[in-house]
Every structure is written in structure tokens, then in C-alpha cells.
Amino acid sequence: MNTVMKNRTKREKILITFTLILLIACTYFIGLFMPALQRLQRANTTLDQLTLRKQEVDFSLMGLADARAAYKTLRAKAIDAHDDFWPFTDNNEIDRYLTNMCIQYGLAPKSLTISLERLPINGDASSSSLESVIVHVTVEGAFSKVVELSDSVQDSPYLRINQIDYSAARTQGQPSTRIAFEIFVQRALDLPE
């Protein structure tokens, strides 16, 4: 390297030295600073992404708190609405209730048939908690008493009369009437807290 530098002018020696220093500096910059700068840029990008994600999570948590409050409100409404439906699910309880109601209106129950099939109201047995049960009751007594019974059932949210078949033919001195009741039964609610 001395022979190369000996034949050069002072100006060329300064330029070669300056070029070598610049080359070493560039190599140093590319070898050390560039990777560090790239890592810093990736870290800044990751920080920005994490900050954005944190904001999304904070927003979701606010929404979650609102959703929990809304769920509690809807749960309370569902429980209140559940209380408006038929409280009995056992066939013996249904039999006892309708028999006592007929007797209360001066009608003598002669037969009572409860359908074995409970039909979901919206057609989907897996998702519906409201079912319909059909009960056929044959009673003896004055038709005016049947009308009184029908009028009392009209205001019930869980009981309605689908059909009344009145027969003026007397069996043992009393006309008979066949009444088809439809009862709306609410399954037990399974709502988590």
C-alpha cells in the first residue's frame, strides 16, 4: 500500500484517505445502525399496533359493561314475563285446576283429556321455552254457565278456549258441552346470572 501512496499527490492521498474513512463509516452505518434502526421502526410499528389494540379492548370493555347491564335488565324482564304464563307443568295440576274452575262455574266435569304432545309455539322445540297443551273437557250444565266460564278465560294470558261444542241432547237431564282449552306452558327458565 505504501507504493500506491508514494506515487500520489497530497491531494490524491487526502481523497483516498477520506474515501477509505467514508467507506468504513458507511460499512459501520449499514452493518450496525441500519439493523438497529430497522428494529426501532418495527418496535414503533408494534407499539402503534398494540396501542390501537388496547384502545379496541378498552372500547370493548366499555361495551361489555353495557352489555352486562342490558343482559341483567332483559333477564329481569324475562323472569317477569315468565311469571305471566301457566305455572303448572304437571298434567295432574292441569287436571285439578281445570276441574276446580269448571266446578266453580257450576259445571260438572265428566271427562278430561290432556294431549300428550306439547307443541312449541314458534315451531322450534329446541329453542322455544313456550309450549301449547290442548285439553278437552266434557262438562254438564247450563250453557249460560259455559258462557260465564268462557268470559272469565278470555282475560287470561296463559289459557284460552279454542272450541266449544254444545250438545242440547240431554244425558241424565243435563246438556253436555265439550270445551277445548289451549294452555300456554312456560318451561323453567335457565338463565345464567
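When a residue number appears, it is its place in the shown sequence, counting from 1.
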Could you tabulate the donor-acceptor pairs under 3.5 Å formed by side-chain atoms of residues 17-24, not counting sequence neighbours?
{"unit_1": "T17", "atom_1": "OG1", "unit_2": "K13", "atom_2": "O", "d": "2.7"}
{"unit_1": "T19", "atom_1": "OG1", "unit_2": "L15", "atom_2": "O", "d": "2.6"}

If we only count heavy atoms from C-beta on, is the [X] to [Y] side-chain gap below 4.5 Å?
X    : Y    : value
T138 : P109 : no
D165 : T177 : no
L149 : M101 : yes
I164 : F143 : yes
I114 : I94  : yes

At what distance, to the nearest 0.5 angstrom, does [atom1] of [X] lie from [atom2] of [Y]?
X    : Y    : atom1 : atom2 : answer
S111 : H136 : OG    : NE2   : 10.0 Å
Q49  : L52  : CD    : CG    : 8.5 Å
L32  : L37  : CG    : CG    : 12.5 Å
F181 : L112 : CZ    : CG    : 8.5 Å
Q104 : K145 : CD    : NZ    : 11.0 Å

Can you find a side-chain donor-acceptor pair between N91 and E93 that sits under 3.5 Å?
no
Which residues satisfy the salt bridge (charged side-chain N to carboxylate O under 4.0 Å, His left out) test with R53, sequence neighbours excluded?
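With sequence neighbours excluded, R53 shows a salt bridge (charged side-chain N to carboxylate O under 4.0 Å, His left out) to E56, given in chain and number order.
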What residues form a salt bridge (charged side-chain N to carboxylate O under 4.0 Å, His left out) with D58, not counting sequence neighbours?
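Testing D58 for salt bridge (charged side-chain N to carboxylate O under 4.0 Å, His left out), a comparison that skips the adjacent residues, returns K54.
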Spell out, yes or no, whether V147 and I103 are grouped together once hydrophobic residues are joined by side-chain heavy atoms under 4.5 Å, including indirect joins.
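As far as the 4.5 Å side-chain criterion goes, I103 and V147 are not connected within one cluster.
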Determine whether I14 and I16 fall in the same hydrophobic cluster, where Ile, Leu, Val, Met, Phe, Trp and Tyr are linked whenever their side-chain heavy atoms lie under 4.5 Å apart.
no
Mind listing the closest non-hydrogen atom pair of [X] and [Y] along with its distance?
X    : Y    : result
V139 : C102 : CG1-SG, 3.8 Å
R160 : V153 : CA-CG1, 3.7 Å
I161 : S150 : CD1-CA, 3.7 Å

Can a donor-acceptor pair be found, under 3.5 Å and without considering hydrogens, that links the side chain of T51 to the backbone of L47?
yes
Residue pairs fulfilling side chain to side chain donor-acceptor pair (under 3.5 Å) with at least one residue in residues 35-46, sequence neighbours excluded
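Those involving residues 35-46 do not exist here.
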Verdict with reasoning, Y105 to V146, per side-chain contact (heavy atoms from CB on, under 4.5 Å)
CA-CA 8 Å; Y105 284 94; V146 173; over 6 Å; no
Residue pairs passing the ring-ring contact (aromatic ring centres under 6.0 Å, His included) test where at least one lies in residues 31-65, sequence neighbours excluded:
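Listed by first then second residue: Y28-F33, F29-F33.
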Set of side-chain hydrogen bond (donor to acceptor under 3.5 Å, both in side chains) partners for T99, sequence neighbours left out:
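Here the qualifying residues are D95.
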